[in-house]
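Read through the structure below, which is laid out as structure tokens, and then see the notes.
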Amino acid sequence: MDSNGGGEVCRILRELKTLKASKSDIERRISDLEAQLRELNLNNGTVVPNGSSCTLMSTVDSGFGHGLSADMIYRYSRQLLIPSFGVQAQSNLLKSSILVVGAGGLGSPALLYLAACGVGRLGIVDHDVVELNNMHRQIIHTEAYIGQPKVKSAAASCRSINSTIQIVEHKEALCASNALEILSKYDIIVDATDNAPSRYMISDCCVVLGKPLVSGAAVGLEGQLTVYNYNGGPCYRCLFPTPPPTTACQRCSDSGVLGVVPGVIGVLQALETIKIAAAVGEPLSGRMLLFDALSARIRIVKIRGRSLQCEVCGENTAFTQKQFSEFDYENFTQSPLSTSPLKLNLLPADSRISSKEFKERIVNGEANVLVDVRPPHHYKIVSLPGSVNIPLSRLESRLPEISSFLNETKERKALNPDSVPSLYVICRRGNDSQRAVQLLHKMGFTIAKDIIGGLESWAQDVDQNFPTY
């Protein structure tokens, strides 16, 4: 493409970006204004400041005895036609307020369907930004919003589906210091997070505020769903009074997830929320839905009821709002609230080198062995040339192989008898490699060094074209 063509492309892209930003702002303003009109309980018309009157069909009760306008009847007609749902359930929805914590894989479908079905006020809490690796599962976001706040992107999508409901954006991380204030403004809470401290925190907050909680989880090819703190049912702590070990707490960023799996669970979260808000059906309180995508099986199991000894919702509990706001959930679960990857620091400085320093040693022709301790399926995604894959879980049993690699390298490089090749260990982010170096030192391989930050550091500091995942 010639230079003029390239300039025209840049101009079009800039104009598109500006228009999309303006569209988002306009949609948000329309939603806010319509919400204000609903709160004013307008009749068939109103008088605006300049003295002219206007009729607002989308927000005005048309006098049919159920509070639904003509536009509402038409928009929600397919729900109104269901005998067990009807106008009363729809009216209940329009009066409800729902908060979704997390605009990711679970929150995306939940938010879209809650917006579409006609809840009165829909809140979104998230502090993260949209990234390219969100796209395969977080269907509420589009490529145009990469780098922008998820809350902004999710709100724009919800408004584009239903401009008549109120959308409230909470662009912040939910924590014990702000959870009471935020959650208290809503009738029902949807937990669409993916970490242990958030689950305990949100559940505890719902208990002290008396809010029902629709909780979902998805990782890999499996998902689960239940409703906590509803009509005398159990809370999260009733089932899990003691946090599981950190090794058992999986996140999608570490263990992976097939995009459609959180989609299935998120849609079911929306369904349970609608049932509670509309006062129809039998919500999943005291029961848990288990979904296995690989075998296409869904099971409903009965779970433990409310524990009278529960520290938060039990018979003799003294857990107050003040205690909640001062509780350290990260310390309780020994895991961070932040979605940022864990960064361990287990080794002394002389047992670690940077990716840049490792690159320099390769360029200078240093004799070395590079052991990649990631699982085999990770190694198949991408790896550094010349590395050997020995997963951390099998490292101890394969120590003789490392000795053989060192000897082969020494012979190939024709080193003198007193010289020993260097031994480096790498992983995805630099955590498992540190654990591996600790083990190698213990087993006599004291020359082993960890490459700080792993392959992500290599991609950031050495080769920007190297794939990350």
Side-chain angles (χ1 to χ4, degrees), residues 133 220 246-247 250-251 253-256 340-469:
N133 63 15
T246 54
T247 53
Q250 303 178 61
R251 299 193 187 199
S253 58
D254 297 319
S255 303
S340 300
L342 183 67
K343 292 185 178 180
L344 298 178
N345 189 15
L346 306 175
L347 301 171
D350 60 0
S351 294
R352 311 184 75 189
I353 67 167
S354 69
S355 55
K356 284 185 177 180
E357 186 179 356
F358 176 63
K359 172 66 173 178
E360 290 170 2
R361 296 188 180 189
I362 294 174
V363 171
N364 292 332
E366 179 192 72
N368 65 69
V369 172
L370 175 62
V371 178
D372 188 322
V373 294
R374 294 174 298 152
H377 65 287
H378 282 236
Y379 190 76
K380 289 178 181 178
I381 297 172
V382 64
S383 62
L384 288 178
S387 62
V388 293
N389 183 216
I390 303 180
L392 177 60
S393 60
R394 304 176 196 168
L395 186 61
E396 190 167 359
S397 64
R398 295 177 62 179
L399 292 177
E401 292 181 47
I402 296 178
S403 297
S404 297
F405 288 130
L406 289 169
N407 290 331
E408 289 172 8
T409 302
K410 183 175 181 177
E411 293 174 4
R412 189 173 67 254
K413 291 287 187 177
L415 302 181
N416 65 60
D418 297 326
S419 298
V420 179
S422 298
L423 175 60
Y424 301 111
V425 183
I426 198 167
C427 66
R428 182 183 179 189
R429 294 177 174 142
N431 294 323
D432 282 349
S433 56
Q434 291 185 68
R435 296 185 178 102
V437 169
Q438 282 186 325
L439 176 61
L440 288 169
H441 286 182
K442 181 181 176 182
M443 303 306 293
F445 293 85
T446 56
I447 60 171
K449 290 182 183 290
D450 160 59
I451 297 178
I452 300 170
L455 293 174
E456 288 193 355
S457 174
W458 180 271
Q460 180 178 340
D461 300 330
V462 177
D463 180 6
Q464 282 72 37
N465 293 320
F466 191 82
T468 57
Y469 62 95

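Quick note: numbers below take in every heavy atom, side chains included, and nothing from hydrogens, waters or symmetry partners. This structure is a prediction, so every number in the text was calculated from the model and none was measured.
- Counting only distance, with no hydrogens or angles, the side chain of Asn389 and the backbone of Asp372 share a donor-acceptor pair below 3.5 Å.
- Interatomic distance, CZ of Arg374 versus CG of Leu455, reported as 4.5 Å (0.5 Å rounding).
- Residues Thr468 and Ala459 come closest through the heavy atom pair CG2-CB, 3.5 Å.
- For Lys410, the NZ atom is densely surrounded, since the number of other residues' heavy atoms within 6.0 Å is greater than 12.
- Nearest heavy-atom pair, Ala448 versus Val437, reported as atom, atom and distance to 0.1 Å: O-CG1, 3.7 Å.
- Between Leu423 and Phe405 there is no side-chain heavy-atom pair separated by less than 4.5 Å.
- Within 6.0 Å of the CZ atom in Arg394, the count of heavy atoms belonging to other residues, nucleotides or ligands does not exceed 12.
- Contact record, Ser383 with Ser387: CB-OG, 4.0 Å, taken as the closest heavy-atom pair.
- Residue Asp432 forms a side-chain hydrogen bond (donor to acceptor under 3.5 Å, both in side chains) with just one option from Arg435, Gln434, Arg429, Arg428, and that option is Arg435.
- Within the model, atoms OG of Ser351 and CD1 of Ile447 stand 11.5 Å from one another, a figure rounded to the nearest 0.5 Å.
- At a threshold of 4.5 Å between non-hydrogen side-chain atoms, the residues Phe358 and Asn368 count as touching.
- When all heavy atoms of Ala367 and Lys413 are compared, the pair lying nearest together is CB-CG, 3.5 Å.
- Rounded to the nearest 0.5 Å, atoms OG (Ser457) and CD1 (Ile452) are 7.5 Å apart.
- Atom CD of Glu396 is surrounded by 12 or fewer heavy atoms from other residues, nucleotides or ligands within 6.0 Å.
- The CG atom of Asn407 sits 12.0 Å away from atom CD1 of Ile402, with the distance rounded to the nearest 0.5 Å.
- Nearest heavy-atom pair across Cys427 and Ser433 is SG-N, 3.3 Å.
- For the pair Ile451/Leu370, a side-chain contact is recorded, criterion being any heavy-atom separation below 4.5 Å from C-beta on.
- For Arg361 against Ile353, the heavy-atom pair with the smallest separation is NH2-CG2, 4.3 Å.
- By the 4.0 Å N-to-carboxylate-O rule, Lys356 lies too far from Glu360 to be salt-bridged with it.
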Check step by step if side chain to side chain contact (heavy atoms under 4.5 Å, CB included) holds for Val425 and Asp450.
-> CA-CA 5 Å; Val425 183; Asp450 160 59; 5.6 Å; no
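- One distance of note links CZ of Arg352 with CD of Glu357; it measures 12.5 Å at 0.5 Å rounding.
- For the atom pair Leu384 CG and Tyr424 OH, the distance stands at 13.5 Å (nearest 0.5 Å).
- Counting only heavy atoms from C-beta outward, the side chains of Asp463 and Trp458 approach each other to under 4.5 Å.
- Looking at heavy atoms from C-beta onward, Pro467 lies out of side-chain contact with Ile381 at the 4.5 angstrom threshold.
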